[in-house]
Number of protein chains: 2
Amino acid sequence: MSGKTDRPEHAEGGRWEVSALLAELRRRISEHEIPPGGKLKEQELAQEFGISRTRVREALAALETRGLVERIPNRGAIVRRFELGQVFEIYDVREVLEGLAVRRAVENADPGVWTAFLEECDAEFERRITSGQIELYETYFNRLRKTIIEAAANPVLKAMLDSVQDQTQIIMRRVLVLPGRVEHGLTNLRRLLEAMAAGRAEEAEQLRRLGIRSAIEDLKRYQRFVL
Amino acid sequence: MSGKTDRPEHAEGGRWEVSALLAELRRRISEHEIPPGGKLKEQELAQEFGISRTRVREALAALETRGLVERIPNRGAIVRRFELGQVFEIYDVREVLEGLAVRRAVENADPGVWTAFLEECDAEFERRITSGQIELYETYFNRLRKTIIEAAANPVLKAMLDSVQDQTQIIMRRVLVLPGRVEHGLTNLRRLLEAMAAGRAEEAEQLRRLGIRSAIEDLKRYQRFVL
DNA sequence: GTTTACAGGAATGTTGACAATCCTGCCGAC
DNA sequence: GTCGGCAGGATTGTCAACATTCCTGTAAAC
């Protein structure tokens, strides 16, 4: 929707810029552009975005309460580093939240939406993914997930899911390349979409939770390679 | 020493004061000391706490990301006012989160903890509550809830539950006084504690969720009196 | 009587400067 | 050679002042 500002230097936006900085920092952290433990220097960011340090600090504080950075007094803000145990904690919560989202989505939305996703997920699609184009799966899955959360129509739920997504995006991307993971994920996904298209909300919720647990199992099994 | 803002000797916490202000504001909002829609003036708070407006602003920003206040540009921060629909949205999420907490608590903690709670919840206890001492129920329930969340041992889950608790404390206190609510709640609670003491995690989770849905049903039924 | 324009005051938004703290490189003692 | 102290620079924390925006009361016009 709202295009990116190519030039942060012309400052007419007032308060809009601090949220732009916030979104940009979220992206950089999620995309691993700034690695865990990386420092976020206030002056640097202030200069880059053409705003004052005070406003940068505001964005940093917001990132802290979102759990993306850690602020040590007098030592600045660093990108938070997640222990494996914390990832499991996050996914324990994520499992029930995503399940709720799927259930509400099935209850609210037209089944045709899910049928369309199901048709898109055909043999040719699977062949292309399993032959190496994993980013295809990622794109497809993110699109589906976004549609589900949208259909769930619960802003509180959406905010919490956004938060956990930010915190775990990188690590789950690493899980995607593990042997057999996408195949397993696709099988789960088809069953999930079938249940959703058929309007079986309870079953869909359970399948979604199963899919998440399955991914976590793979993470546990291969944790030495992921970290 | 003769300054207007001579504070006690332990006042040099630096960053400690801003979190103290944050906690105090959280309390005032939760306790309805500042009503929904009430304004939070920066200068007033700065003077009361003997700190600068900049730090007050920091606390206000944190409250905003926690969803407790609403900040309108150039018009200041007001305590957020919840529509009934938003309360339902929050409780949709809260249901699955509290359920998860109970399940993990049963899995982690010693069953004796729940037996103790169960014994405390006897006929005499119920008589005193139903004869008007509703605050007894509230205290007891909050204690149990805190124990459960503690036992669940998941900081991410705890943070989210704290957040929803802050946002709904007042409205659920109003629900407590509705006809038959505490009686209904106590019955649910006993069954829940029995399941927990017996180590039936799945059943306990379902019972906890049932209890929350039941409270929400009462809220729906009497919504004209609650709002 | 109602509406509109406008000035005065009050509150918020933003900035640059100053103070406190921490990290780094260097130097001398043992 | 290693350890501890010690400036000097860099970075964060805090503040008061200035700029901007919004609200309010007053008065004139219709």
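Note that the coordinates shown come from a computational prediction; the quantities given were computed from them, not determined experimentally. Residue numbering restarts at 1 for every chain, and letters A, B, ... go by the order of the sequence lines.
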_Using OP1 and OP2 only, check whether a side-chain N or O of R53(B) sits under 4.0 Å from dT12(C)._
no

*side-chain hydrogen bond (donor to acceptor under 3.5 Å, both in side chains) with E120(A): which residues, sequence neighbours excluded?*
R143(A)

*Starting at CD1 of I72(B) and ending at C1' of dT12(C), how long is that distance when rounded to a whole Å?*
12 Å

*Atom-pair distance (CZ on R55(B); C1' on dA20(C)), nearest Å*: 12 Å

_Rounding to an integer number of Å, can you tell me how far L45(B) CG sits from dT12(C) C1'?_
13 Å

*Would you say the side-chain atoms of Q223(B) pair up with the backbone N or O of K220(B), donor to acceptor, closer than 3.5 Å?*
yes

_Nucleotide dT14(C), atom P - distance to CD of E58(B) in whole Å_ = 15 Å

_side-chain hydrogen bond (donor to acceptor under 3.5 Å, both in side chains) involving E150(B) - partner list, sequence neighbours excluded_ = none

*Please give, in whole Å, the distance from dT14(D) P to L21(B) CG?*
13 Å

*asked:* Starting the side chain at C-beta, find the nucleotide from dA16(D), dT12(C), dG16(C) nearest to T54(A).
replied: dG16(C)

Show the atom names and distances, to 0.1 Å, of all donor-acceptor pairs under 3.5 Å that link a side chain in residues 132-139 of chain A to residues at least two apart or in another chain.
unit_1, atom_1, unit_2, atom_2, d
E138(A), OE2, R173(A), NE, 2.7
E138(A), OE2, R173(A), NH2, 3.1
T139(A), OG1, E135(A), O, 2.8

*Can you list the residues that meet the side-chain hydrogen bond (donor to acceptor under 3.5 Å, both in side chains) rule with T65(B), with sequence neighbours excluded?*
T65(A)

*Integer-rounded Å distance: dC15(D) P and R57(A) CZ*: 11 Å

Set out, line by line, the N/O atom pairs under 3.5 Å between protein and nucleotides 5-11 of chain C.
none

*asked:* In this structure, how many angstroms lie between the P atom of dG16(C) and the CD atom of Q47(A), rounded?
replied: 12 Å

*Starting from the first five and the last five pairs of the helix from dG1(C)-dC30(D) to dC30(C)-dG1(D), work out the angle between the resulting helix axes, to 10 degrees.*
10°

*Pairing residues for F117(B) by the ring-ring contact (aromatic ring centres under 6.0 Å, His included) criterion, not counting sequence neighbours*: Y140(B)

*Whole angstrom is fine here: how far is it from CD1 in I78(A) over to C1' in dC23(C)?*
15 Å

*Within residues 73-84 of chain A or reaching into it, pairs that qualify as side-chain hydrogen bond (donor to acceptor under 3.5 Å, both in side chains) - sequence neighbours excluded*: none

*Please name all residues satisfying salt bridge (Lys or Arg N to Asp or Glu O under 4.0 Å) with D92(B), sequence neighbours left out, ordered by chain then number.*
R104(A)

*Give the C-alpha distance, both sets of side-chain angles, the deciding distance and a yes or no for salt bridge (charged side-chain N to carboxylate O under 4.0 Å, His left out) between E44(A) and K39(A).*
CA-CA 11 Å; E44(A) 233 171 56; K39(A) 294 188 65 173; over 6 Å; no

